[in-house]
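To start, the structure itself, in structure tokens.
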Amino acid sequence: MHDSHVHLTTQPLFGYIERALENFVNQGGKHLLSCANDLETSFQVLEIFENYKIKYPNLIQNAIGIHPEEFHPENNCKTAVNQISQLKEILKNNSKNIHAIGETGLEYYNLLNRTDIDFNEREKAIEEQKTSLREHIKLAQEYNLPMTMHSRDEKNCEFCTKDIINIITTEGKVSLKGVMHSYVGEEKYLNQILELGLYIGFNGILTYKSGKNVRELLKKTPIENILLETDAPFLPPHNVRSDKKRTIKFGQPADVLEIAKAISEIKNLKIEEILKTTNENYERLFLN
Ligand SMILES: [Zn+2]
């Protein structure tokens, strides 16, 4: 059982990391992809890896990258060129401990419909995100690494999904490997993403009342293209959020078993089969 997308550097999970890793291993967890979202957390994931590599050999794989939200106007107008040049240095100096590039992608949610920023600020943020994504793709190709990508549109919009598919198709061509993590977009784009040979990461949203769209996407996704993920500490499965006896209300990697159970129910397949195939998928993508 593997968790293909978790933010160990994000609070409150960061403060609970020792227990979280122990819980994951006790639950049968074998691998997890520890994802960064900026330069600081890119260093941090490598530190966490160093701290636990003796206690839990091969448990943690690392992904370094800049989350698209970093280019939203409130984040001090960071530029992609500057951020990427620093990211390149981290990659160059630590390449043997880096297994993936990300999280990167495009995030138009909370950007397109805002009234507190003007047209130019919005366009600049979008351009920086696109430049950053293209540069992440180049890095992934140069180091032959898979990518973990994020795409989130404003409600009832599909600009973000369209743009990300366009960029991947133009820049990534055939050599791009990776996962569209937490995909919640339109079903019509799902096939295009699958045709690009990408995996789809499913998480706790599957267990939410509001997750009907994602449950439909899951039904349409072949099991050979599915990865389990928690996106912890975000998106705890429904029963974690609603269990009154549980004191830990945030997500943790051990919750990936709940995701596997949900997939097993929705797809009407045995949980053993879900675990076996998603394990193989993770290993093919991140451990090669
Ligand atoms: Zn994430």
Side-chain angles (χ1 to χ4, degrees), residues 2-14 16-17 20-21 24 29 31-46 48-49 60-72 75 78 83 87 98-111 129 132-133 136-137 139-140 145-153 160-161 164 168 177-185 193 198-208 211 214 217 226-237 240-241 250-256 258-259 278 281-282 285-286:
H2 313 323
D3 182 355
S4 68
H5 195 104
V6 52
H7 293 278
L8 296 176
T9 62
T10 302
Q11 290 292 15
L13 185 55
F14 182 63
Y16 186 73
I17 195 163
L21 294 180
F24 180 60
H31 298 293
L32 58 83
L33 186 70
S34 169
C35 301
N37 39 22
D38 57 14
L39 293 171
E40 198 186 330
T41 52
S42 292
F43 283 115
Q44 245 183 317
V45 296
L46 292 166
I48 293 170
F49 174 81
I60 301 177
Q61 279 71 56
N62 299 307
I64 66 160
I66 320 283
H67 193 283
E69 224 172 20
E70 284 298 301
F71 302 106
H72 281 200
N75 287 327
K78 287 177 182 164
Q83 297 285 300
L87 191 71
I98 293 166
H99 310 83
I101 299 293
E103 116 172 58
T104 177
L106 299 175
E107 160 94 57
Y108 297 173
Y109 182 76
N110 201 14
L111 189 63
Q129 289 189 27
S132 173
L133 174 60
H136 278 81
I137 292 175
L139 278 183
L145 290 172
M147 301 181 71
T148 179
M149 287 176 287
H150 168 108
S151 157
R152 193 173 178 205
D153 263 300
C160 193
T161 317
I164 201 166
I168 295 170
K177 311 175 280 186
V179 52
M180 198 64 95
H181 111 88
S182 192
Y183 181 68
V184 295
I193 295 169
L198 298 173
Y199 293 84
I200 309 283
F202 287 96
N203 54 39
I205 299 176
L206 282 177
T207 66
Y208 300 169
V214 178
L217 292 170
I226 291 174
L227 288 177
L228 307 179
E229 64 167 56
T230 59
D231 205 13
F234 312 107
L235 307 173
V240 171
R241 296 203 297 189
F250 51 88
Q252 57 174 309
D255 296 335
V256 83
E258 290 299 321
I259 316 298
T278 56
N281 295 346
Y282 181 105
L285 189 60
F286 297 119

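Everything quoted here is computed from the prediction, not taken from an experiment. One is the number of the first residue; the rest follow in order along the sequence. Below, each value reflects all heavy atoms present in this structure, side chains not excepted, and no hydrogens, waters or symmetry copies. Just follow the structure's listing: the first ligand is 1, and inside any ligand the first atom is 1.
- Residues passing the side-chain contact (heavy atoms from CB on, under 4.5 Å) test with Ala63, sequence neighbours excluded: Leu33, Cys35, Ala100, Thr148.
- Residue side and main chain included, His181 places no N/O/S atom under 2.8 Å of the Zn ion (ligand 1).
- Relative orientation of the His7 and Phe234 rings is perpendicular, given thresholds of 30° and 60° on the angle between their planes.
- The Zn ion (ligand 1) lies under 2.8 Å from an N, O or S atom belonging to His7.
- Atom CZ of Phe250 sits in a crowded spot, with more than 12 heavy atoms from other residues, nucleotides or ligands closer than 6.0 Å.
- Residues satisfying the side-chain contact (heavy atoms from CB on, under 4.5 Å) test with Glu69, not counting sequence neighbours, are His67, His72, Glu107.
- The Zn ion (ligand 1) sits nearest to atom OD1 when only the N, O or S atoms of Asp231 are considered.
- Around the Zn ion (ligand 1), the two atoms OE1 of Glu103 and NE2 of His5 are separated by an angle of 80°, to 10 degrees.
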